[in-house]
There are 2 protein chains.
Amino acid sequence: MKRKITLKDIARELDVSISTVSKALKNSEEISRDTKEKVQAFARLYNYRPNNIAISLKNKRTKNIGVILPDIVHHFFTTVFHGIEKYANARGYNVIACISDESFDKEVINMEMLANGSIDGFIMALSAGTQLKNDYNHLRQVTDQGIPLVLFDRVTDEVACDKVVINDEEAAYLAVKKMINSGRKRIALLTSEAHFNVSEKRAEGYYRALREHSLPVDEELVLVLPHMYHEENLSEGFFRRTNPDAVLCVNEIYAVRSMRHLQSQGKRIPQDVAVIGFTDGILSRYSIPSLTSIAQHGELMGETAARLLVDRIEADFRDMDEPEYITEVIKASIIDRESTD
Amino acid sequence: MKRKITLKDIARELDVSISTVSKALKNSEEISRDTKEKVQAFARLYNYRPNNIAISLKNKRTKNIGVILPDIVHHFFTTVFHGIEKYANARGYNVIACISDESFDKEVINMEMLANGSIDGFIMALSAGTQLKNDYNHLRQVTDQGIPLVLFDRVTDEVACDKVVINDEEAAYLAVKKMINSGRKRIALLTSEAHFNVSEKRAEGYYRALREHSLPVDEELVLVLPHMYHEENLSEGFFRRTNPDAVLCVNEIYAVRSMRHLQSQGKRIPQDVAVIGFTDGILSRYSIPSLTSIAQHGELMGETAARLLVDRIEADFRDMDEPEYITEVIKASIIDRESTD
DNA sequence: TATCAACACGAAAACGGTTTCGTGCTTGAT
DNA sequence: ATCAAGCACGAAACCGTTTTCGTGTTGATA
């Protein structure tokens, strides 16, 4: 077991000072060619690597960014994470990941763990618990310390920071419009009570599309499901009762389940009922029939959030005046598949 | 913007030494009650938190663990990651995540980035590229430095370290046996050429089951697909040609696709053809019909890997003798659903 | 009154780097 | 012979902790 070698070791071995070694390795003009070559050769031989922690302490920058996600089973967050990781790595940053499991407490604990020097900035989507509690003090505490923060997808107006969102309202509007244009009259909405902001926006788009096409708004056609919804048959009665000819779902799980229930009731998709779901994930691609869905471009969202964050981190050192915060909007798009015509 | 407060700040403000402050905050016996109360009150008031980086430098332990995954779109790795994160957090560790994208080079770069002090240990699954290249020097370099390493799922005998695997051979064997017992005679295997070790093990189990039940081994019934296989119809001809009455797939995507092709050829599942897939993910649960699949218990695997790693990290400081490495086997289990009878 | 513990605290080294500011020596010019 | 400049390097501070090892003061004891 070869222990890690330090500047001090090299200095002792070569009988020069630590400062000389440090400078030699940075190819400083101050040091003679001879010495530089000697030091660099020795360093290469013993595979010297500077200790990141020491550098972090000195520079007060860790080159780590903290990412806090509500969960990681949802494909959307996974793709966002991938986008973040990809972009961050390309700019020399590591990603420290924490899962809040939709819990306010975990979110707070995770942020506090990381905020004490471990990271240069945060990227996060609010947990359901936090949105419910409507308490954002832990976020403000972070920004007050001058730690850059970027919120994505599940954001709030209560905190001043950079944000990345998608045009949920617009996307829902376009999806509903598409179904109206293909002759659908009774369009159901399956939504969840959990991530308020997002679900709300999507519902707004749904209502706007109905209004703008003079279709009656029938609250019977809107089903709000609890967040961690595992009842297999909760929506079956709903379909039987309301008899829709189109369904918009705020995620693909609801959509696939709906298709299943509709099919078992003898409905053909898309002939009798058209279905569109949010979140273009694995299920949409591989379900039978495959699902027309609204792609949120998670990877792009992640890259965008990471770009905003890194830019902010690296700007921090030039100008310290009060910043103008940016909100970037990622355009969702409809991926046409077999569940619509 | 309130800047972070340090021991030095408190010391200056309260006109005591830094050492006194440090001890007072740790409730040391050395310090008088008066001073302790004064210091602690001040620290609470200004919300003092020790700087993690400084502590890491001093202790030579970061309380971070590095996790390197081949990808994160496969649900299996996602669940493993969740297991790791959960367990690590519970023991006070953060998780730094890197995605190798199945590339040898990225794997090497990521490991080198993290190995210079950023983390106390690694958990990883080998990338396809690394397995292809069969080059494990970057891993040995890490273990040689005394950094604990745990490999999971995609492992190799070439590196001495703790490992967590599943009983792939056994699981495939049981799956095939199950189908034989329900009267199937022509059992196809859809496998991939990518993660050699794993796919090979599963194929072995498939062959063993056939042999032990005196079924003929027909190489025509084995289809090896390239790793990133996106051709929609590559297996359609295969099914038409070989006409199997059961299919075992090494992942759920192959399984769901197979069902789709079989159905479009007029086969009923499971009456005409039974299908079992590895990896019990979202697709298995929500496909129509739902897919009988082999659960790899990723979360448990992650927890186990994290436990091994943290134990190893924390043991490092007691005994430094040559360790006995452990390989833990996670038992896969078959989840019965509609695609088998 | 001299001695000695016990107490309460501070100085300083250490972790592994970076960086500023000398400083001794050589060299060339005057 | 003297002096300034420039080269090549070292000393030391610093980042924010922890921890060891003093040390000055107090009160009790002989």
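Quick note: numbers below take in every heavy atom, side chains included, and nothing from hydrogens, waters or symmetry partners.
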Counting side-chain heavy atoms from CB outward, which of [options] is closest to [X]?
X: Lys23(A); options: dG10(D), dT18(D), dC15(D); answer: dG10(D)
X: Ser22(A); options: dT18(C), dG16(C), dT17(D); answer: dT18(C)
X: Ile55(B); options: dT18(D), dG10(D), dC9(C); answer: dT18(D)
X: Ser19(A); options: dC15(D), dT18(D), dA12(D); answer: dA12(D)
X: Lys60(A); options: dG16(C), dG22(C), dG16(D); answer: dG16(D)
X: Ser17(B); options: dA11(C), dT18(C), dT17(D); answer: dA11(C)
X: Ala54(B); options: dT18(C), dG16(D), dC15(D); answer: dG16(D)

How long is the line joining [atom1] of [X] and [atom2] of [N], in whole Å?
X: Glu30(B); N: dC7(C); atom1: CD; atom2: P; result: 11 Å
X: Leu14(A); N: dA8(D); atom1: CG; atom2: C1'; result: 15 Å
X: Asn59(A); N: dC15(D); atom1: CG; atom2: C1'; result: 9 Å
X: Leu25(B); N: dT18(D); atom1: CG; atom2: C1'; result: 12 Å
X: Ile53(A); N: dC15(C); atom1: CD1; atom2: P; result: 16 Å
X: Ile31(A); N: dT18(C); atom1: CD1; atom2: C1'; result: 13 Å
X: Asn52(A); N: dC15(C); atom1: CG; atom2: P; result: 18 Å
X: Ile10(A); N: dG17(C); atom1: CD1; atom2: C1'; result: 12 Å

(message) If you define the side chain from C-beta out and look only at heavy atoms, does anything of Asn27(A) sit under 4.5 Å from Lys36(A)?
(response)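 Yes, at least one pair of side-chain atoms sits under 4.5 Å.
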
(request) Please examine the side chains of Asp162(A) and Thr327(A), heavy atoms only from C-beta on, and report whether any two atoms are closer than 4.5 Å. (result)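 A side-chain contact under 4.5 Å is absent here.
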
(request) Describe the nucleic acid contact of Thr35(A) in one word from base, sugar-phosphate, nothing, applying a heavy-atom distance below 4.0 Å. (result)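 Here Thr35(A) touches the backbone only, sparing every base.
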
(request) Indicate, with a heavy-atom threshold strictly under 4.0 Å, whether Arg33(B) touches base, sugar-phosphate, or nothing. (result)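 Result for Arg33(B) = nothing.
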
(message) Between the side chains of Asp311(A) and Arg91(A), is the shortest nitrogen-to-carboxylate-oxygen separation below 4.0 Å, so that they form an ion pair?
(response)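 Yes.
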
(message) Check this for me, if you would: do Glu112(A) and Arg49(B) make a salt bridge, where the nitrogen-to-carboxylate-oxygen distance has to be below 4.0 angstrom?
(response)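 Looking at Arg49(B) together with Glu112(A), the answer is no, because their closest N to O distance does not fall below 4.0 Å.
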
(request) Could you walk me through whether Ile119(B) and Ile147(B) pass the side-chain contact (heavy atoms from CB on, under 4.5 Å) test, one step at a time? (result) CA-CA 9 Å; Ile119(B) 50 93; Ile147(B) 301 178; 4.1 Å; yes

(message) Determine whether a donor-acceptor pair (one donor, one acceptor, N or O, separation below 3.5 Å) exists between the side chain of Lys58(B) and the base of dT18(D).
(response)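 Side chain to base: pair found, below 3.5 Å.
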
(message) I'd like to know if Lys4(B) reaches the base of dT17(D) with its side chain, counting only an N/O donor and acceptor under 3.5 Å.
(response)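 Such a pair does not exist between side chain and base.
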
(message) Pick the closest DNA chain C nucleotide for Lys36(B) and for Arg3(A) by heavy atoms, then say which residue is nearer the 5' end.
(response)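 The 5'-side residue here is Lys36(B).
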
(request) Could you check Lys8(A) against Ile18(B) and say which one's nearest nucleotide on DNA chain C is further toward the 5' end? (result)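 First, find each residue's nearest nucleotide; the 5'-ward one identifies Ile18(B).
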
(request) Using only side-chain N and O atoms of Tyr48(B), determine if any of them is under 4.0 Å from OP1 or OP2 of dT17(D). (result)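 Indeed, a polar side-chain atom of Tyr48(B) lies that close.
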
(message) Between Ser32(B) and dC9(C), is there a contact of a side-chain N or O with OP1 or OP2 at under 4.0 Å?
(response)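 Looking at the OP1 and OP2 atoms of dC9(C), one of them is under 4.0 Å from a side-chain N or O of Ser32(B).
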
(message) Are more than 12 heavy atoms, taken from residues, nucleotides or ligands other than Asp157(B), located less than 6.0 Å from that residue's CG atom?
(response)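 No, because the 6.0 Å sphere around CG of Asp157(B) holds 12 heavy atoms or fewer from other groups.
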
